[in-house]
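All remarks here apply to the structure that follows.
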Amino acid sequence: MMTPIFLFFLLSSIFTVEAQQGQSIVKPGSILTPTTNSSWLSPSGLYAFGFYKQGNGYTVGVFLAGIPQMTVVWTANRDNPPVSAQVTLNFTSDGLLVLQSAQGTETRVANFDPAGSASMLDTGNFVVYNSDNQSIWESFQHPTDTLLPTQRLLADDFVVLKSSVSESNQSTGRFRAVMQQDGYVALYPVGTNLTMEYGYWSTSGGVPNGNLNLDDQGVNICFPRGLCGVNAFCDPGGNDINCICLPGFVFIDESKRTSGCERNSTTENCNGKGMNTTMEEVSGIIWENLTYNQSLLLTKQDCNDACWQDCSCEAALFNDGVCGKQKLPLRFVNIKIPIDPKATLAFIKIPYFCK
Ligand SMILES: *[C@@H]1O[C@H](CO)[C@@H](O)[C@H](O)[C@H]1NC(C)=O
Ligand SMILES: *[C@@H]1O[C@H](CO)[C@@H](O)[C@H](O)[C@H]1NC(C)=O
Ligand SMILES: *[C@@H]1O[C@H](CO)[C@@H](O)[C@H](O)[C@H]1NC(C)=O
Ligand SMILES: *[C@@H]1O[C@H](CO)[C@@H](O)[C@H](O)[C@H]1NC(C)=O
Ligand SMILES: *[C@@H]1O[C@H](CO)[C@@H](O)[C@H](O)[C@H]1NC(C)=O
Ligand SMILES: *[C@@H]1O[C@H](CO)[C@@H](O)[C@H](O)[C@H]1NC(C)=O
Ligand SMILES: *[C@@H]1O[C@H](CO)[C@@H](O)[C@H](O)[C@H]1NC(C)=O
Ligand SMILES: *[C@@H]1O[C@H](CO)[C@@H](O)[C@H](O)[C@H]1NC(C)=O
Ligand SMILES: *[C@@H]1O[C@H](CO)[C@@H](O)[C@H](O)[C@H]1NC(C)=O
C-alpha cells in the first residue's frame with residue numbers, strides 16, 4: 001500500500017490536551033540518554049525532543065509523544081546510522097548539544113553558537129536561545145521531511161524537504177520539495193537540477209492546512225518523475241502506483257516495484273553467435289534526454305536502424321528529424337497521455353537469443 005504524501009493531521013481532533021502556559025526550559029548541564037530521561041517534552045506533552053527507537057538503535061529528533069504510533073517530524077543527522085543505547089545527549093555547559101558515545105566520540109546534533117537555553121514548543125518547533133533569550137536555531141528552519149501546521153518552507157532560503165526512505169527509516173529518500181516564490185510547492189527527484197524537465201508542481205498553491213509530509217512515494221499517483229526507478233514508468237491510469245518496465249526489462253526487485261527495472265538479458269555479444277537484437281517502437285514515452293550521439297535523419301526507420309546497427313546504442317528518441325541515441329539506464333521515463341502520434345517516438349533495443 002502506498003501512503004499519500006499530503007498527510008493531514010487533524011491534531012485538534014486527536015488531541016484534547018490543553019496547551020499549558022509557559023515553556024519547558026532546558027538549561028546547559030541537562031542530559032538525555034536513550035533509556036532513562038530520553039526526551040524533553042513540550043508543555044502540553046504533545047511533542048518531545050530526544051531519543052526515539054530506530055532499527056536496533058536510537059536516533060535524536062522531534063516526535064509526537066503520547067501516541068502509540070511513532071510519528072517523527074524532525075530528525076537530527078538523518079543520514080547517520082542509529083546510535084547505541086550507551087550514548088549520552090549532553091547539553092554541555094558551554095551551550096552545545098552533542099551526542100557522546102561510550103568511546104568518547106562527539107557529534108553535534110545541530111550547529112548553533114553557544115546557547116543559553118532550549119525549549120520544545122507545543123507547535124513542534126524545538127528552539128535554541130542565546131543568553132539574551134533570542135532564538136538562534138529552530139528545527140522549523142531545518143525541516144527534514146515534514147512540515148507542521150505553523151511551519152513554512154521559506155522561498156528565499158530555498159529550504160527543501162527531502163523525503164525519508166520509509167516511515168521507519170528517516171534517511172534521505174528520493175524526492176525533495178521546494179517552496180517557490182509564488183507559494184507553490186514543486187517536487188524534484190533528489191540529485192537533479194531544479195529545472196522544468198524534472199519538476200512536478202502541485203496544482204493547489206501552498207502548503208495545505210495541515211502537515212506536508214514528503215514520503216518516498218512522492219505525490220499523486222504518477223508524480224514526481226522517477227517514481228518507478230530506472231527503465232520503468234508509472235501507469236497514469238491506475239488508482240495506485242503501478243510501475244511498468246520498458247519492453248525487454250524486468251523488475252530489479254519484484255517485491256519492491258518502485259526500485260526500477262533491468263534488462264532481462266545483455267547486449268554484450270550483439271555480433272556474436274546465437275544472439276541478435278530487435279528494436280521495439282513505443283509511442284508516447286519520453287525519458288531524460290542524455291544523448292551521446294545525435295544526427296539528422298529522414299524517417300523513423302532510419303533512427304530505428306541507426307540504433308540497431310550501433311552496439312553502444314540501447315535506446316533512441318526520434319523527434320522532428322532528430323535521432324538521439326542513448327545508453328542505459330533510462331531515467332525519469334514518462335508516458336504522455338493522450339498519445340500524440342506526431343510527438344517523440346522511442347526505440348528500445350531488445351536482445352534475444354537465436355536458436
Ligand atoms: C531525570 O532527570 C531529572 C531532572 O533532570 C532528574 O531529577 C532525575 O533523577 C533523572 N532520572 C534519572 C533516572 O536519571
Ligand atoms: C535506511 O536507509 C538507508 C538508505 O537506503 C540505508 O543506508 C540504511 O541502512 C537504512 N537504515 C536502517 C536502520 O535500515
Ligand atoms: C557533558 O559535557 C561536559 C562538557 O561540557 C562534560 O564535562 C560532562 O562530563 C559531560 N557529561 C556527560 C554525562 O558526558
Ligand atoms: C530568559 O528567560 C528566563 C526564563 O523565562 C528568565 O528567567 C531569564 O531572566 C531571561 N533572561 C533574559 C536575559 O531575559
Ligand atoms: C545541472 O546544471 C549544471 C549547470 O547548468 C550542469 O553542469 C549539470 O550537469 C546539471 N546536472 C544534472 C544532473 O543535470
Ligand atoms: C526473461 O527472459 C527469460 C529467458 O529469456 C524468459 O523466460 C522470461 O519470460 C523473461 N521474463 C520476462 C518478464 O519477460
Ligand atoms: C539478426 O537479425 C536480422 C534480422 O532478422 C538478420 O538480418 C541478421 O542476419 C541477424 N544477425 C545475426 C548475427 O544472426
Ligand atoms: C535532446 O537534447 C538535445 C540537446 O542536448 C536537443 O538538441 C534535442 O532536441 C533533444 N531531443 C529531444 C527529443 O528532446
Ligand atoms: C552518430 O550517429 C550517426 C547515425 O548512426 C552516424 O552516422 C554518425 O557517424 C555518428 N556520429 C558520431 C560522432 O559517432
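Numbering of ligands and ligand atoms starts at 1, following listing order. Please read these numbers as outputs of a predicted model, since none were measured by experiment. Heads up: numbering here begins at 1 and tracks the sequence.
Asn231 pairs with exactly one of Ile348, Ile252, Leu328, Val333 by the side-chain contact (heavy atoms from CB on, under 4.5 Å) rule, that one being Leu328.
Here Gln309 pairs with Asp305 under the side-chain contact (heavy atoms from CB on, under 4.5 Å) rule; sequence neighbours left out. Take Glu281 and apply the salt bridge (charged side-chain N to carboxylate O under 4.0 Å, His left out) test, not counting sequence neighbours, and it matches Lys300. Listed by chain and residue number, Asn130, Asp132 satisfy the side-chain contact (heavy atoms from CB on, under 4.5 Å) test with Gln134 (two or more places apart in sequence, or in another chain).
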Inset, instruction - Quick one: do Ser39 and Tyr52 satisfy side-chain contact (heavy atoms from CB on, under 4.5 Å)? Show the steps, please. - result: CA-CA 9 Å; Ser39 65; Tyr52 63 86; over 6 Å; no

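For the residue pair Asp94 and Thr92, a side-chain donor N or O sits within less than 3.5 Å of a side-chain acceptor on the partner.
Protein residues with a heavy atom under 4.0 Å from ligand 9 are Asn293, Ser295, Ala306, Lys325.
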